[in-house]
Asker: 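Supplied in structure tokens, the structure appears directly below.
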Amino acid sequence: MEPVNRTEVSEFFLKGFSGYPALEHLLFLLCSAMYLVTLLGNAAIVTVSVLDVRLHTPMYFFLGNLSILDICYTSTFVPLMLVHLLSAQKTISFIGCAIQMCLSLSTGSTECLLLAIMAYDRYLAICRPLRYPVLMRHQLCLLLAGAAWLLCLFKSVTETVIAMRQPFCGHHIISHFTCEILAVLKLACGDTSVSEALLLMGAILLLPVPLAFICLSYTLILATILRVPSAAGRRKAFSTCSAHLAVVLLFYGTVIFMYMKPKSKKAHISDEVFTVLYAVVTPMLNPVIYSLRNKEVKEAAGKVWDRRRTST
């Protein structure tokens, strides 16, 4: 076996959309607007769910977790991406790349599990309403959310450490706008089979399995809704469920395309486009679909705003 000509890496160059200068300026405007909406919308959900005691329920506890998660997820790479879209200096340090990779993997993986937990919560609330307060206790909510955050953090640290210990040879240009693990592994000149096996195993456990669970939960929910005597109630429930499923399918569909397609050493611009869809667009849509269309949230937000205006 020939020795690997390993070079010490101090920084990486994030190529991103540098081959499309006109597109970079358009993306800066679009991603800036979407990031601002993501921050404001999710921060509003967290604030309202904390300040209004009527929203201290399992559903809004998980929605609050999702909002915090979306803020953390997009903030791991969007601010740096926006700087790079307007700058010719698109570098990131080796340590910075590892931290960004770990945090984005952790928060993205946690969202996969949290969406499944939220679907289970809605199934119990709609299909088992009488037993719901007993089945979905506050302790169970804390356990489910905490387990999702901690397990995905451990998984992501493991994947990041193994990936960043690879020997990197030749150029250090990452064909992506973020330190996405698959893009970084394309630069490795050692054996990446362990990293790829871990990623595939994690992708199977975090993508098709939760997605199947979500689809099953919503199928049972829709079956229950069909028995609702009120036509208006059925239409409202169908509208809510279809909106939830649309966002879930957008998120899971794009992530599955990224992490379960056949591996290639050649970078494609489609990888970056799909990353924008699941990592920028979906977190922006979540507060609108899950909460801001909700009558309880809008009423609670109005009361919180009125109390603040009265106090000032």
Side-chain angles (χ1 to χ4, degrees), residues 14 16-17 20 22-52 55 59-87 100 103-112 114-115 118 176-178 180 239-255 257-258 271-306 308-309:
L14 295 171
F17 298 96
Y20 308 89
L23 183 61
E24 283 190 315
H25 291 88
L26 176 62
L27 278 173
F28 175 81
L29 295 174
L30 289 175
C31 290
S32 296
M34 288 190 288
Y35 183 53
L36 184 61
V37 171
T38 298
L39 292 180
L40 293 176
N42 286 293
I45 298 305
V46 174
T47 303
V48 170
S49 62
V50 169
L51 294 180
D52 195 303
L55 301 185
M59 174 182 172
Y60 294 105
F61 171 77
F62 292 126
L63 283 173
N65 267 266
L66 182 66
S67 294
I68 294 170
L69 194 60
D70 283 337
I71 291 172
C72 295
Y73 188 23
T74 53
S75 297
T76 59
F77 67 90
V78 171
L80 184 62
M81 181 187 76
L82 293 176
V83 171
H84 286 174
L85 285 172
L86 297 182
S87 170
Q100 186 184 73
L103 292 178
S104 60
L105 278 173
S106 177
T107 50
S109 300
T110 306
E111 181 148 350
C112 292
L114 192 59
L115 289 172
M118 290 170 64
H176 213 289
F177 55 79
T178 181
E180 199 273 328
S239 173
T240 302
C241 288
S242 60
H244 288 188
L245 280 174
V247 174
V248 166
L249 292 175
L250 173 64
F251 177 76
Y252 278 97
T254 50
V255 178
F257 173 84
M258 281 290 296
D271 293 346
E272 296 168 69
V273 173
F274 276 97
T275 302
V276 170
L277 284 175
Y278 75 74
V280 181
V281 176
T282 304
M284 177 191 69
L285 294 176
N286 279 340
V288 177
I289 298 298
Y290 282 101
S291 301
L292 297 181
R293 294 170 77 244
N294 188 304
K295 184 179 177 182
E296 288 179 329
V297 174
K298 288 190 284 188
E299 288 179 354
K303 290 184 178 180
V304 169
W305 176 256
D306 289 340
R308 182 179 177 182
R309 192 169 54 179

Asker: Mind checking the SG-CG spacing from Cys112 to Leu115? Nearest 0.5 Å is all I need.
Answerer: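 Answer for the SG-CG pair, Cys112 versus Leu115, is 7.0 Å.
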Asker: Please examine the side chains of Val281 and Met34, heavy atoms only from C-beta on, and report whether any two atoms are closer than 4.5 Å.
Answerer: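 Of all side-chain heavy-atom pairs linking Val281 with Met34, at least one is under 4.5 Å.
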Asker: Looking only at atom types and distance, does a side-chain atom of Ser104 sit under 3.5 Å from a main-chain N or O of Gln100, one as donor and one as acceptor?
Answerer: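 Yes, Ser104 side chain to Gln100 backbone: donor-acceptor pair under 3.5 Å.
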Asker: Taking the side chain as every heavy atom from C-beta outward, state whether Val248 and Phe251 have any pair of such atoms under 4.5 Å apart.
Answerer: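 Result no, sub-4.5 Å side-chain heavy-atom pair not found.
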Asker: Answer whether the closest heavy-atom distance between the side chains of His176 and Leu14 falls below 4.5 Å.
Answerer: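 Of all side-chain heavy-atom pairs linking Leu14 with His176, none is under 4.5 Å.
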Asker: side-chain contact (heavy atoms from CB on, under 4.5 Å), that's the test. Do Glu111 and Leu66 meet it? Break it down for me.
Answerer: CA-CA 7 Å; Glu111 181 148 350; Leu66 182 66; 3.9 Å; yes
Asker: Checking Ser109 side chain against Ser106 main chain: does a donor-acceptor pair fall under 3.5 Å?
Answerer: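 No, the answer is negative, given that no donor and acceptor are paired below the 3.5 Å cut-off.
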Asker: Considering only heavy atoms from C-beta outward, does the side chain of Pro287 approach that of Leu40 to under 4.5 Å?
Answerer: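 Not in contact.
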Asker: Would you call Tyr35 and Val280 a side-chain contact if the rule is heavy atoms closer than 4.5 Å?
Answerer: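 Side chain of Tyr35 against side chain of Val280, heavy atoms only: no contact under 4.5 Å found.
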Asker: To the nearest 0.5 Å, what is the distance between CG (Leu86) and CE (Met81)?
Answerer: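 Taking CG in Leu86 and CE in Met81, the distance rounds to 10.5 Å.
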Asker: Check Cys31 against Leu82 and note the closest heavy-atom contact, atom names and distance.
Answerer: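 Result for this residue pair: CB-CD2, 3.8 Å.
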Asker: As an exercise, state the distance from CG of Asn286 to CE of Met118, rounded to the nearest 0.5 Å.
Answerer: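 Going from the CG atom of Asn286 to the CE atom of Met118 covers 7.5 Å.
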Asker: Would a 4.5 Å heavy-atom cut-off, applied to side chains only, mark Met284 and Asp70 as touching?
Answerer: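 A side-chain contact under 4.5 Å is absent here.
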Asker: Grab the two heavy atoms, one from Pro283 and one from Asn42, that are nearest each other, plus how far apart they are.
Answerer: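 Looks like O-ND2, 3.4 Å.
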Asker: Would you compute the distance between atom CG of Leu114 and atom CG of Leu63 and round it to the nearest 0.5 angstrom?
Answerer: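 Output value for this atom pair is 8.5 Å.
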Asker: Please find the pair of heavy atoms, one from Thr107 and one from Cys72, that lie closest to each other, and give the distance.
Answerer: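 Reported closest heavy-atom pair: CG2-CB, 4.0 Å.
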Asker: List the steps and the verdict of side-chain contact (heavy atoms from CB on, under 4.5 Å) for Leu27 and Phe177.
Answerer: CA-CA 12 Å; Leu27 278 173; Phe177 55 79; over 6 Å; no
Asker: Could you go through the side-chain contact (heavy atoms from CB on, under 4.5 Å) check for Ser75 and Leu39 one step at a time?
Answerer: CA-CA 9 Å; Ser75 297; Leu39 292 180; 4.2 Å; yes
Asker: Could you pull out the closest heavy-atom pair between Thr178 and Phe77, with the gap in Å?
Answerer: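 So the minimum-distance heavy-atom pair works out to OG1-CB, 3.5 Å.
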Asker: Between atom CZ of Phe17 and atom CG of Leu23, what is the distance when rounded to the nearest 0.5 Å?
Answerer: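 If I round to the nearest 0.5 Å, the distance is 6.0 Å.
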Asker: So which atom in Ile71 and which in Ala43 form the shortest heavy-atom distance, rounded to 0.1 Å?
Answerer: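 For Ile71 and Ala43, the tightest heavy-atom pair comes out as CD1-N, 3.8 Å.
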Asker: Sub-3.5 Å donor-acceptor pair from the side chain of Thr76 to the main-chain atoms of Tyr73, do we have one?
Answerer: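 Yes, because the side chain of Thr76 sits within donor-acceptor range (under 3.5 Å) of the backbone of Tyr73.
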